[in-house]
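If you read the sequence from its start, that first residue is 1, and numbering goes on from there.
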Amino acid sequence: MGNMATQTQFHVLAVDDSLIDRKLIERLLKTSSYQVTAVDSGSKALEFLGLNGENEDDERNSSVESVSAADEDHQVGVNLIITDYCMPGMTGYDLLRKIKQSSSFKDIPVVIMSSENIPSRINRCLEDGAEEFFLKPVKLSDVNKLRPHLMKGITTKNEMQSNTNKRKGSEEIQSPDRTRPRYNELEVV
């Protein structure tokens, strides 16, 4: 069972300046069997991802509130980022933009959450690459909407790895058997 859990467990980076909201989202994600790393600001999220240029281990470790046993691989293993919109310093929208501009992390799904229901803000976030916009308080039903986005992130990562090997024939990268349904014993009427 342990081996299967490590293969299917998704790693979510949760970003919220509010301790209560951060603990709530962390609990909901862990209840849904996600591995969670929680930080309290957009700049600490960027630091965790290695996107701010300052990678001092002591500073990074102190900014990370909760890390699972696989702490050495955390930069590579983030499958989704969920962030509050309103935070001091860097907003969730600013964090979204920086992630989407990064060549390494642009394909990681980002979900924004906010207690303010402002349609123009929601639309701007969705137009600029957010997968979802959740209104707080986040509920278990919201967390259940994350899995398709996580699967999309995994698919994109696998496609990128496949495309890096330019010497493979196209039949090896995309096999017709896997991309089209097979109809072996059907009659056309």
Side-chain angles (χ1 to χ4, degrees), residues 4-16 18 21-39 41-42 44-46 48-51 64-68 70 73-87 90-163 174 178-179:
M4 190 172 134
T6 55
Q7 289 177 348
T8 58
Q9 191 174 43
F10 294 108
H11 186 184
V12 178
L13 176 59
V15 188
D16 200 319
S18 161
D21 288 336
R22 201 165 56 245
K23 289 295 185 187
L24 173 65
I25 191 69
E26 188 174 2
R27 168 92 27 113
L28 289 170
L29 289 165
K30 284 183 175 180
T31 299
S32 298
S33 300
Y34 295 116
Q35 174 187 336
V36 183
T37 299
V39 295
S41 70
K44 287 181 182 174
L46 291 177
F48 178 79
L49 295 169
L51 288 178
V64 174
E65 187 173 292
S66 168
V67 181
S68 81
D73 309 10
H74 64 278
Q75 290 181 344
V76 178
V78 173
N79 304 105
L80 182 132
I81 298 164
I82 184 164
T83 180
D84 183 24
Y85 184 91
C86 286
M87 295 184 291
M90 178 183 295
T91 67
Y93 177 74
D94 296 334
L95 178 60
L96 167 70
R97 298 277 314 251
K98 288 196 179 290
I99 290 166
K100 294 304 176 185
Q101 290 168 358
S102 156
S103 58
S104 329
F105 296 102
K106 68 181 179 188
D107 293 321
I108 291 181
V110 178
V111 173
I112 308 279
M113 52 188 174
S114 178
S115 55
E116 299 171 334
N117 188 359
I118 303 172
S120 60
R121 177 183 292 172
I122 295 168
N123 290 335
R124 184 173 71 161
C125 289
L126 294 172
E127 286 169 3
D128 285 350
E131 300 294 330
E132 294 275 351
F133 194 103
F134 294 154
L135 289 176
K136 290 182 178 180
V138 175
K139 300 176 285 297
L140 192 56
S141 60
D142 294 324
V143 170
N144 292 337
K145 295 176 187 174
L146 297 177
R147 195 157 296 273
H149 300 299
L150 288 161
M151 297 309 292
K152 176 181 155 193
I154 296 290
T155 303
T156 304
K157 187 187 272 186
N158 289 342
E159 287 171 0
M160 284 176 50
Q161 288 172 351
S162 293
N163 291 335
Q174 291 186 341
R178 291 190 308 208
T179 56

For the student: nearest non-hydrogen atoms of [X] and [Y], plus distance:
X      : Y     : value
Arg121 : Cys86 : NH1-SG, 3.7 Å
Ile112 : Gly92 : CD1-O, 3.7 Å
Asp84  : Met87 : O-CE, 3.5 Å
Ala14  : Ile25 : CB-CG2, 4.0 Å
Ile108 : Val78 : CD1-O, 3.4 Å
Val15  : Gly42 : CG1-N, 3.9 Å

Nearest-0.5 Å distance that lies between atom [atom1] in [X] and atom [atom2] in [Y]:
X      : Y      : atom1 : atom2 : answer
Asp16  : Glu26  : CG    : CD    : 11.5 Å
Asp142 : Met113 : CG    : CE    : 10.5 Å
Ser114 : Leu135 : OG    : CG    : 7.0 Å
Leu49  : Ser104 : CG    : OG    : 9.5 Å
Lys139 : Leu28  : NZ    : CG    : 10.0 Å
Ser33  : Phe10  : OG    : CZ    : 11.0 Å

For this session: Go through Leu80 and Tyr34 one step at a time and tell me if the side chain to side chain contact (heavy atoms under 4.5 Å, CB included) criterion holds.
Result: CA-CA 10 Å; Leu80 182 132; Tyr34 295 116; over 6 Å; no
Exercise. With no hydrogens and no angle check, do the side chains of Ser141 and Asn144 hold a donor and an acceptor under 3.5 Å apart?
Worked result: no
Exercise. Do Gln35 and Asn79 pass the side chain to side chain contact (heavy atoms under 4.5 Å, CB included) test, and can you show the C-alpha distance, the side-chain angles, and the key distance before you say yes or no?
Worked result: CA-CA 10 Å; Gln35 174 187 336; Asn79 304 105; over 6 Å; no
Problem set entry | Ionic contact status for Glu132 with Lys145, cut-off 4.0 Å | no
Donor-acceptor pair, side chain of [X] and main chain of [Y], under 3.5 angstrom:
X      : Y      : value
Ser102 : Lys98  : no
Lys100 : Lys106 : yes
Asp94  : Thr91  : yes

Problem set entry | Parallel, tilted or perpendicular: rings of His11 and Phe48 (30°, 60°) | perpendicular
Is any side-chain heavy atom of [X] closer than 4.5 Å to a side-chain heavy atom of [Y]?
X      : Y      : result
Leu46  : Phe105 : no
Leu96  : Ile81  : no
Leu150 : Pro109 : no
Tyr93  : Arg124 : yes

For this session: Apply side chain to side chain contact (heavy atoms under 4.5 Å, CB included) to the pair Val111 and Leu146, showing each step before the final yes or no.
Result: CA-CA 9 Å; Val111 173; Leu146 297 177; 3.7 Å; yes
